[in-house]
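Encoded as structure tokens, the structure appears first; notes follow it.
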Amino acid sequence: MEIQQIRYFLALADMLNFTAAAAACNVSQPALSRAISQLEAELGGALFRRERKLTHLTDFGRAVLPSLKGCYDSTLAAKELARNFHKKGHAPLCLALSYSMEIGLLSPILTELGRAFPNIEIRVVRGSIDEIALRMRNGESEVAIAEPLSDDWDRIDARKLFDQEFGLLINRSHRLAHLNRIEAVDLADERMLVRPNCGFLAALQGRLQDLGAPALRKHEVSQMDDVPGLVEANLGLGIWPVDRIFRADLLATQIDDFLMTSAIQVYTVHGRGQSVAARTLVNLLRSADWTGVLGSAGRKVGFVA
Amino acid sequence: MSNLNAEGIDDCERRCLEMAAPLAERLAAMTEGLRQFAPKYVELADQMAARLRAAGTGLNAPKVGDTMPPFVLPDETGRLTSLDELSRTHRIIIAFHRGHWCSFCQINADALSRIEGRIEAAGGRLVIVTPEIQKYNRRFKALSKLRTLFLTDLDSGYALSLDLAVRTTDAERRFMTDAGWEFSAFQDNQNWILPIPATFVLGLDGRVVGRFVDPDYRRRMDVDDLLAALKDGGDPGLPV
């Protein structure tokens with residue numbers, strides 16, 4: 001496929017009019033028609049149904065449109081990155097992260113971003129998934145990394161990076177800290193330290209109810225970072241990302257028969273021109289090997305010395 | 001898939017990977033093995049090559065004498081690597097591969113690993129470019145025994161700019177899915193776009209001094225041609 005053929009295809013798919021598409025692409029109409037025919041021959045199917053006055057995308061044309069658009073956009077982005085690599089231009093980037101996203105996981109990628117754009121100016125904003133959805137809608141953040149957003153706005157483009165695993169954060173003097181393995185039933189009557197609207201708590205309650213065990217009680221904590229301090233004060237058990245660095249005097253462990261995982265996704269907004277830095281960040285996130293993150297899935301107990 | 005003998009294919013692939021023979025012979029042996037164990041695959045490959053040849057795919061790829069367009073792509077460890085930086089110290093060979101799953105790419109990469117020392121001795125440096133994300137490029141690198149960088153051309157953006165990107169047909173996709181290849185995971189997209197596995201040998205000035213572009217993915221640049229282009233291509237000394 002030639003880049004020009006795809007450019008003409010995208011223009012025609014948008015305008016559904018050969019004359020207008022040719023004008024928009026600054027080529028003659030026969031040249032545009034020829035290019036579309038060549039592309040159809042290479043793809044092995046008709047992209048458009050040509051009627052006297054009307055032009056329509058065929059089912060095949062509709063089916064290939066997203067992939068050709070994706071490839072075309074990535075070509076433009078690749079050229080822009082090659083042009084701007086190591087250049088000193090100002091590059092502001094606002095990145096929104098959910099509370100549970102461990103920023104340490106991003107440091108190799110942010111290192112590359114800093115190398116690529118020496119004058120990058122990053123603003124990192126933490127928020128709940130609702131706050132992040134709002135920031136994306138309002139255009140306050142170009143890129144977000146978070147669990148699935150509550151907002152189902154169709155302009156949000158989400159791509160999964162990895163599954164974040166959660167476990168319990170326990171004070172070492174707690175009775176559960178002395179068990180070799182912890183099952184859901186062991187949590188009966190315990191008090192949990194949870195963030196508002198915690199989905200894991202609701203699911204865990206359901207499980208205990210099924211087991212006929214007494215319900216969990218809770219403390220509510222809006223800031224993730226406050227959880228370890230409250231666990232230390234023996235106020236309850238935290239629900240905590242197992243990969244996040246935590247304090248040596250606390251113990252993080254999984255519930256044997258109740259795995260808590262959440263997809264971590266990267267979000268951008270369709271149709272909003274992305275800066276080269278934002279696009280590069282998303283591509284680095286998508287290409288990255290997250291196996292190390294997922295590799296912790298077999299781990300039952302974690303200590304930090 | 002009824003007319004596919006996976007064990008037979010695996011055996012054939014292993015045999016071709018171990019074979020001490022010129023690359024073209026090893027690739028031909030793989031095709032013959034597939035003809036026996038997965039005849040439908042060979043039929044599809046023939047159709048694809050004929051379709052792309054008729055459409056002139058790859059005709060606009062950089063030619064000898066052209067300057068290779070710049071790229072900045074992440075390697076298999078996530079480090080961004082630019083052609084400009086690579087070209088400062090070495091004559092670069094860029095080898096586009098379809099991915100770790102492709103038997104022909106594995107054989108090609110193995111043939112390149114057997115001459116990697118000679119490439120380096122001649123002041124050259126090879127880079128492999130695939131549309132696959134780091135996890136799969138790492139796997140491919142381990143399989144190939146190559147020391148060099150495996151770069152991710154995400155969504156085939158660079159390949160498209162060189163007229164090397166092709167989209168697979170429904171029949172090809174069905175076959176690949178039946179074979180158990182999860183392209184959406186390999187490439188982190190649903191595009192079903194692959195590069196033509198072309199090879200470019202660059203001089204120190206970044207111009208193409210040798211190339212091989214063929215829409216039939218079962219044909220690859222002969223390693224002796226590659227070494228010859230590398231030796232002929234410009235001044236053997238490094239720039240001051």
Side-chain angles (χ1 to χ4, degrees), chain A residues 1-7 37-45 60 63-86 108-109 111-117 159-162 266 276 279-280 282-292 294, chain B residues 47-48 51-61 69-85 131-139 151-172 187-193 196 215:
Chain A
M1 299 182 295
E2 286 171 38
I3 184 92
Q4 291 302 351
Q5 292 170 348
I6 299 189
R7 187 163 74 95
S37 300
Q38 283 165 350
L39 184 60
E40 288 175 323
E42 174 171 337
L43 293 172
F60 178 66
V64 301
L65 179 61
S67 54
L68 298 197
K69 173 93 169 75
C71 192
Y72 181 79
D73 286 348
S74 76
T75 297
L76 300 187
K79 284 184 178 174
E80 203 186 352
L81 173 58
R83 250 194 327 269
N84 288 286
F85 193 56
H86 289 177
I109 286 167
T111 304
E112 284 309 302
L113 206 61
R115 235 170 40 81
F117 309 104
R159 287 176 185 271
K160 183 173 160 177
L161 300 177
F162 58 87
V266 57
V276 58
R279 179 76 195 215
T280 303
V282 172
N283 282 1
L284 285 169
L285 288 164
R286 285 177 57 203
S287 319
D289 185 357
W290 299 100
T291 321
L294 303 168
Chain B
Q47 285 168 5
M48 185 183 198
R51 188 181 80 248
L52 297 179
R53 222 182 282 288
T57 307
L59 287 180
N60 288 330
F71 65 67
V72 177
L73 302 169
D75 70 14
E76 75 281 0
T77 68
R79 190 177 163 86
L80 286 170
T81 306
S82 80
L83 179 58
D84 283 352
E85 283 171 346
E132 302 200 329
I133 59 174
Q134 285 156 33
K135 180 178 171 186
Y136 300 97
N137 268 350
R138 281 186 177 179
R139 201 173 287 181
L151 306 179
T152 298
D153 179 22
L154 197 69
D155 301 336
S156 290
Y158 185 57
L160 177 63
S161 73
L162 306 180
D163 191 21
L164 297 176
V166 296
R167 189 167 190 278
T168 53
T169 62
D170 287 349
E172 288 154 4
Q187 300 192 1
D188 191 45
N189 64 38
Q190 315 276 345
N191 296 349
W192 291 93
I193 288 172
I196 301 176

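Side chains are part of it too, since the values below use all heavy atoms of this structure and drop only hydrogens, waters and symmetry mates. Chain letters run A, B, ... following the sequence lines, proteins first and then strands; every chain starts at 1.
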Among A:A41, A:A82, A:C71, which residue has the highest count of heavy-atom pairs closer than 4.5 Å to chain B?
A:C71

Counting only non-hydrogen atoms closer than 4.5 Å, does B:L160 touch chain A with its backbone (N, CA, C, O), its side chain (CB onward), both, or neither?
both

Measure B:S161 against the heavy atoms of chain A and call it side chain, backbone, both or neither at under 4.5 Å.
both

I need the A:F85 CZ to B:D84 CG distance, nearest 0.5 Å.
9.5 Å

Need one label for A:T280: side chain, backbone, both or neither, based on atoms under 4.5 Å from any heavy atom in chain B.
side chain

B:E85 versus chain A, heavy atoms under 4.5 Å apart: side chain, backbone, both or neither?
side chain

For A:S67 and B:R167, the nearest pair of non-hydrogen atoms, with its separation, is OG-NE, 2.9 Å

Nearest atoms (heavy-atom pairs only) where B:Y158 meets A:A78
N-CB, 4.5 Å

So what's closer than 4.5 Å to chain A heavy atoms on B:T169: side chain, backbone, both or neither?
side chain

Measure B:I193 against the heavy atoms of chain A and call it side chain, backbone, both or neither at under 4.5 Å.
side chain

At a heavy-atom separation under 4.5 Å, does B:E76 approach chain A through its side chain, its backbone, both, or neither?
neither

Closest non-hydrogen atom pair, A:E42 against B:V166:
OE2-CG1, 3.5 Å

Salt-bridge contact B:D155-A:R286 (side-chain N to carboxylate O under 4.0 Å):
yes

Pick from B:Q190, B:Q187, B:R138 with the largest number of heavy-atom pairs that fall under 4.5 Å of chain A:
B:R138

Who wins among B:N137, B:I196, B:V72 for the most heavy-atom pairs under 4.5 Å with chain A?
B:V72

Got a sec, which pairs hit side-chain hydrogen bond (donor to acceptor under 3.5 Å, both in side chains) with one end in residues 69-79 of chain A, sequence neighbours left out?
A:K69-A:D73

Non-hydrogen atoms of A:S287 and B:T152 that approach each other most closely
OG-CG2, 4.0 Å

Taking atom CZ of B:F71 and atom CG of A:L81, what is their separation to the nearest 0.5 Å?
11.5 Å

Atom group of A:L76 that falls short of 4.5 Å from chain B, counting heavy atoms:
neither

Which region of A:R159, side chain (C-beta onward) or backbone (N, CA, C, O), has a non-hydrogen atom less than 4.5 Å from a non-hydrogen atom of chain B, or is it both or neither?
side chain

Out of B:D163, B:N60, B:I133, B:L80, return the one with the most heavy atom pairs under 4.5 angstrom to chain A.
B:L80

Report which part of B:P70 has an atom under 4.5 Å of a heavy atom belonging to chain A: side chain, backbone, both, or neither.
both

Compare all side-chain heavy atoms of A:L284 with those of B:P74 and state whether any distance is below 4.5 angstrom.
yes

Sort B:D188 into side chain, backbone, both or neither according to what part of it lies under 4.5 angstrom from a heavy atom of chain A.
both

Separation of B:K135 NZ from A:T291 OG1 (nearest 0.5 Å):
5.0 Å

Portion of A:A63 that has a non-hydrogen atom of chain B nearer than 4.5 angstrom:
backbone

